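Below is one structure, written out as structure tokens; comments come after it.
On a predicted model such as this, the values are computed, not experimentally measured, just so you know.
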Amino acid sequence: MPTPPTTPQPGAATAARAGAGGRSRPWGDVVLGSLSTGAAITIVLLLAMIVLIVVVSAWPSIKAYGLPFLTESTWRPNELEETLRDPQGRIVYDDDGEPKTVIEPASFGAAPFIWGTAVSSALALIVAVPLSIGAALFIVRVAPRLRIAEPLGFLIEFLAAIPSIAYGIWGIFVLRPFLEKHLEPALRWLLGDLPFMRWMFFRTLADGTEVPIPLTGRDMLAGGLILAVMIIPIITAVSRDVLRTVPRAQVEGVLALGGTWWQSCAAMLRYGRAGLFGAVMLGLARAAGETMAVTMVIGNVNQISLSPLAPAQTMSSLLAMDAGDPNNPLHFSSLFYIALILLVMSLVFNVIARWLVVGSKARTFGS
Amino acid sequence: MNVEMTKDVVRMTVTPGNPPQPSSPTARPPRVAVGPSPAMRAGSVLQAIREGASVTSAVHPSVHAHPAAVDIRGFELWYGSFKALHSVSMPIPRGRVTAMVGPSGCGKSTLLRSINRMNDLVDGVRTTGALHVGEHDVYAGGVDVISIRRRVGMVFQKSNPFPMSIFDNVVYGLRIYGERRKDVLQECCERALRQAALWDEVKDRLKQSAIGLSGGQQQRLCIARSIAVNPEVLLMDEPCSALDPIATQKIEELIREIAEKLTVVIVTHNMQQAARVSNYTAFMYLGRLVEFGSTADIFQNPQLPETEQYVTGRFG
Ligand SMILES: Nc1ncnc2c1ncn2[C@@H]1O[C@H](COP(=O)(O)OP(=O)(O)O)[C@@H](O)[C@H]1O
Ligand SMILES: [Mg+2]
């Protein structure tokens, strides 16, 4: 079995090795082989470098704050000069009659951003998961009969490929005004008078008075909704692939027993549940890491508020806002600490998702 | 034999005989002949079928000894423009086992899946003719397909247990019909598993996943799941083709047992299996019913030499 020495065909190397043992490999194979090995090594090195740099840069902050960084809710990049007060709350004056001041050092904690990322992602999932899985079911069970499965699939992949800044622009000019003028007033009109819903529309000041939260359309709700729009394509596409691998026999088994169409759909979802959960995790990973569009609508206030109508900040949008010029080395380092949290989080989500999706495709129930 | 049959099938599918013009069900009288015409006796029936002629099925009078559980009359089916069933008329006797045999691609599965309207799932299927299950006209306009499928259970070629516990599998049908009482479900589960000869093997692990069962056990579980809802008819499409001989033997025994309570229609490519389990056998060829009679007659005293050649494996 002669192998042309200069054609670098895939498989040629294997053929040469398997067929004519001992013959030297064609030089084309050697070049191509080392090129691709080199590329692979480069990618691994790049990844290692990124992780290394993030960890090294975060190190001062990790040393300064340790794990309590995750639950600390102050994020104050600047020193704060405050008037000194005695225990009764009176201002203390120095000998010249000037108020005495104290310098509070800059202080960093990730809690508001972890909260912002968690809540906005959760909101996004609440909206996106039913829609996406519904759409995936439609594509698998209904669209083929209407001959629109392919165009729909293309559309969804296209949606997934739209750059996030485009979603951000849409968020600012369409979603935000809609929330401000229609959805949020409607919510307040509907729920605002219910005593157990006050947490959503009022915030309590330090002295115990309640003030209404202004409805601006730049808040956690806007962030969650725009994230929902952005993760619908990926959850839909992966769920569709998962549902397509459900054997026909499962659906037919339900129908043959006298099940309804809906019951056969439920059986599909049950069979694919692990993969569907993986699809949701992929969506969650995307939501947690998404930056630009969220930054543009979430309001960018470093606070923890229960109300989805209050402005907030996510980890990634904080990085986008603050990374431009950090005020001091600890600020810089704390931003990297947050990046590290993000990195670990998306790694965990992605690993779980891959494990579930790939696992569900490999599993074959009942033959 | 197999190789030559495959050639025949291929040749037929590229030259379909009749154009796809479904006639109205009333226009076509049921063709239930008592014996073959002299021309057929000459041994040219299969040749005539291959050339696209419409032939009269040789239906033995003995099949009328029992009332029909499934009565098929002049039934035809098209997949798009391909005519897969040509005027099949076949009264399937109640409370007996009827086997359908014939070379692959001859329409056995299609006919079987017509009985519980599983063909509805295929796009572009059209039918004419009549098909009754008991009193119910399966293809009448506005018929409740779900209620038909509750009367007609089905077991597939590959076992298809649901990814849930053994117990949940068996009572699945009852649950989707709305049965919630625990004691009723437990009782039905035990009865169905006993009928499917699986109870002793699984009674201690009803809560465990059905996926852990062996292939043969899974298939018996699927049989239990089908008979748990007390169907009148049980359709089986090559239920043993993926199983080893011992598992096959168990299923054959259980088919003979459950046939005391319901009507079984089984598709098989295994002549010995047809001879062992069935009371009646139908021989099909290229979408036509060629001969239908008691299994003893079909195997020992068929009316057509073609049938004899096929069932003895000397086909073509
Ligand atoms: N879904 C389908 N669409 C189009 N043609 C089909 C379909 N299913 C079966 N056929 C055709 O109908 C004929 C009968 O098939 P089938 O009933 O599966 O045969 P058997 O079960 O006897 O092997 C074959 O020629 C097959 O190619
Ligand atoms: Mg078949």
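Interface remark: Val254(A) contributes backbone and side-chain atoms alike to the contact with chain B (heavy atom separation under 4.5 Å). Neither the backbone nor the side chain of Arg117(B) comes within contact range of chain A; no heavy atom of the residue lies under 4.5 Å from a heavy atom of that chain. With a 4.5 Å cut-off on non-hydrogen atoms, Arg147(A) touches chain B through its side chain but not through its backbone. With a threshold of 4.5 angstrom between heavy atoms, Val152(B) approaches chain A through N, CA, C or O but not through any side-chain atom.
Looking only at atom types and distance, the side chain of Tyr79(B) has a donor-acceptor partner in the side chain of Thr110(B) under 3.5 Å away. In this model, a donor atom of one side chain and an acceptor atom of the other lie less than 3.5 Å apart for Gln273(B) and Glu252(B). Between the side chains of Gln219(B) and Ser159(B), not a single donor N or O lies within less than 3.5 Å of an accepting N or O.
Heavy-atom pairs under 4.5 Å with chain A peak, among Asn116(B), Leu221(B), Leu121(B), at Leu121(B). Comparing Arg248(A), Glu252(A), Arg270(A) by heavy-atom pairs within less than 4.5 Å of chain B, the highest count is held by Glu252(A).
A salt bridge links Arg220(B) to Glu201(B): at least one charged side-chain nitrogen sits closer than 4.0 Å to a carboxylate oxygen.
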Do Leu342(A) and Leu340(A) pass the side chain to side chain contact (heavy atoms under 4.5 Å, CB included) test, and can you show the C-alpha distance, the side-chain angles, and the key distance before you say yes or no?
CA-CA 5 Å; Leu342(A) 254 180; Leu340(A) 183 65; over 6 Å; no
